[in-house]
Amino acid sequence: EAMRLPLYRRVTSGLAVKKELVYSPEAGDEVEDLYQLLKTVKDEMQVEGVAVGAILSDYQRLRVENVCGRLGLTSLAYLWQRDQQELLQEMIAAGVKAIIIKVASLGLNPHEHLGKRLDEMFPYLCELNELYGVNICGEGGEYESFTLDCPLFEKEIVVNKSEVTIHSDDAFAPVGYLKLVQLSFSDKANDTVQIQKDLVHTERQIECPSVWSQDECLSPQDHSQATFCRNKYAWVVRCGDRNVPSVSEQAQKMFAELEGVIQGLNLYWNNTVLVYLYLHEMSDYAMINGMYGRYFAIRPPARFVHNIPPYTLFVRAYFATS
């Protein structure tokens, strides 16, 4: 209601039956509940993609990608592997007002920290990260949060009544959550809503490595054939051809070249640990991502997508070596 968007929910009847990192469909698994829910959303709302909040968990990312792949949806993990301190600071600066509603970590106390805003907690979370390695964004389950306001909201949510519930009174890492008993809405000033809407549509430049900066052996002079080198940790492969006019043809040629290099180096697709995709139009991503899923069928590695000049398409892949 705060965003004026329909809400789809489904009771989870399944359990985490498949606990391996790589997921394949299994009756009774909780992932199949997600599949059915997203299928309903796709059928009724004609959506094309799913934005995923995963930052660090491959377990989570691969399951969402599995469901999206089966439904023909594009999984978009914009926060993937972002620096957590920088990311939380950015969210706070963007006007995200969220409170902590669950704690389960050394250094976090239910009676002291539940209900506190993330901007209040930010310095302390950074301190806990230094002391104990706590994930600043709670990516390890250290805490859960509830958003009261953000640039997407047209109304702010107000907590009128809440209760603290202790799940585990452990001496070192007690677990507790905040039960939100009564909520209401508060109207936002029109100028505030407009400023926040403008903020949502503002393009943000995040510093990313260039196509060539990290791997000097991948010469920027040769754009017509695959090149590769071996650094201290991995084989690095660059494929792409700006002389092919069609993006679809470029993508097919690019993945075919990559497959040839992999075979020539006696590697396998599942040796891939990281992929950078460089393309000009984000509208081409769904088509390229579909091909990506066919080649990386078992455990698709994370891919970072960067914008480059027109008529170019490149991939840089890192392959783990012993």
query = Side chains of C68 and T74: does their closest heavy-atom pair fall under 4.5 Å?
reply = no

inquiry  = Could you walk me through whether S248 and M291 satisfy the side-chain contact (heavy atoms from CB on, under 4.5 Å) test, starting with their C-alpha distance in whole Å, then the side-chain angles of each, then the deciding distance to 0.1 Å, before giving a yes or no?
reply    = CA-CA 10 Å; S248 176; M291 291 188 192; 4.0 Å; yes

ask   = Is the Y292 ring parallel, tilted or perpendicular to the F255 ring (thresholds 30°, 60°)?
value = perpendicular

ask   = Between L79 and E139, does a side-chain contact (heavy atoms from CB on, under 4.5 Å) hold up when you go through it step by step?
value = CA-CA 11 Å; L79 309 183; E139 190 69 356; over 6 Å; no

Note, D43 side chain near K39 side chain (heavy atom, < 4.5 Å) = yes

request  = Nearest 0.5 Å please: distance from the CG atom of L128 over to the CD atom of E142.
outcome  = 9.0 Å

key: Where at least one partner belongs to residues 1-44, residue pairs that pass ring pair (Phe, Tyr, Trp, His ring centres under 6.0 Å), sequence neighbours excluded   = none

query = Does the side chain of Q85 come under 3.5 Å of the side chain of N129 through a donor N or O and an acceptor N or O?
reply = no

remark   = C137 and L88 have their tightest heavy-atom pair at SG-CB, 4.0 Å

Beyond-backbone contact of V273 with P301, side-chain heavy atoms, under 4.5 angstrom = no

ask   = Is a side-chain N or O of D29 found less than 3.5 angstrom from the main chain of V31, in a donor-acceptor match?
value = yes

key: Presence of salt bridge, R82 and E90, under 4.0 angstrom   = yes

note = dist L34:CG -> L71:CG (nearest 0.5 Å) comes out at 8.5 Å

key: Trace of the salt bridge (charged side-chain N to carboxylate O under 4.0 Å, His left out) decision for K253 with E257   = CA-CA 6 Å; K253 187 174 188 293; E257 283 183 347; 2.7 Å; yes

Using residues 164-182 as the side-chain source, report each donor-acceptor pair under 3.5 Å to any protein atom, sequence neighbours left out, with the distance given to one decimal.
{"residue": "D170", "atom": "OD2", "partner": "F172", "partner atom": "N", "Å": "2.8"}
{"residue": "D170", "atom": "OD2", "partner": "A173", "partner atom": "N", "Å": "2.7"}

task = For residues K97 and E156, determine if any side-chain heavy atom of one lies less than 4.5 Å from a side-chain heavy atom of the other.
result = yes

note = Correct closest heavy-atom pair for E249 and S246 would be OE1-CB, 3.0 Å

query = Should the pair K188-D149 be classified as a salt bridge under the 4.0 Å nitrogen-to-oxygen rule?
reply = yes

Single-linkage hydrophobic cluster V64~L62, side-chain heavy atoms < 4.5 angstrom = no

Results of ring-ring contact (aromatic ring centres under 6.0 Å, His included) for Y132 - residues two or more places apart only = none

inquiry  = Do S24 and K18 make a side-chain contact, defined as non-hydrogen atoms from C-beta onward lying under 4.5 Å apart?
reply    = yes

inquiry  = One thing to verify: whether R70 and E65 come together as a salt bridge, which I'm taking to mean a side-chain N less than 4.0 angstrom from a carboxylate O.
reply    = no

key: Nearest-0.5 Å distance that lies between atom CD in E1 and atom CZ in F153   = 11.0 Å

key: Test item: R63 side-chain N/O and L21 main-chain N/O as donor-acceptor pair under 3.5 Å   = yes

inquiry  = With a 6.0 Å cut-off on the ring centroids, do H113 and Y124 count as close?
reply    = yes

Sub-4.5 Å side-chain heavy-atom contact between Y59 and E20 = no

ask   = Is N160 close to V158 at the side-chain level, that is, under 4.5 Å between some pair of heavy atoms?
value = yes

inquiry  = Are S75 and V50 packed together at the side-chain level, in the sense that at least one heavy-atom pair is separated by less than 4.5 angstrom?
reply    = no

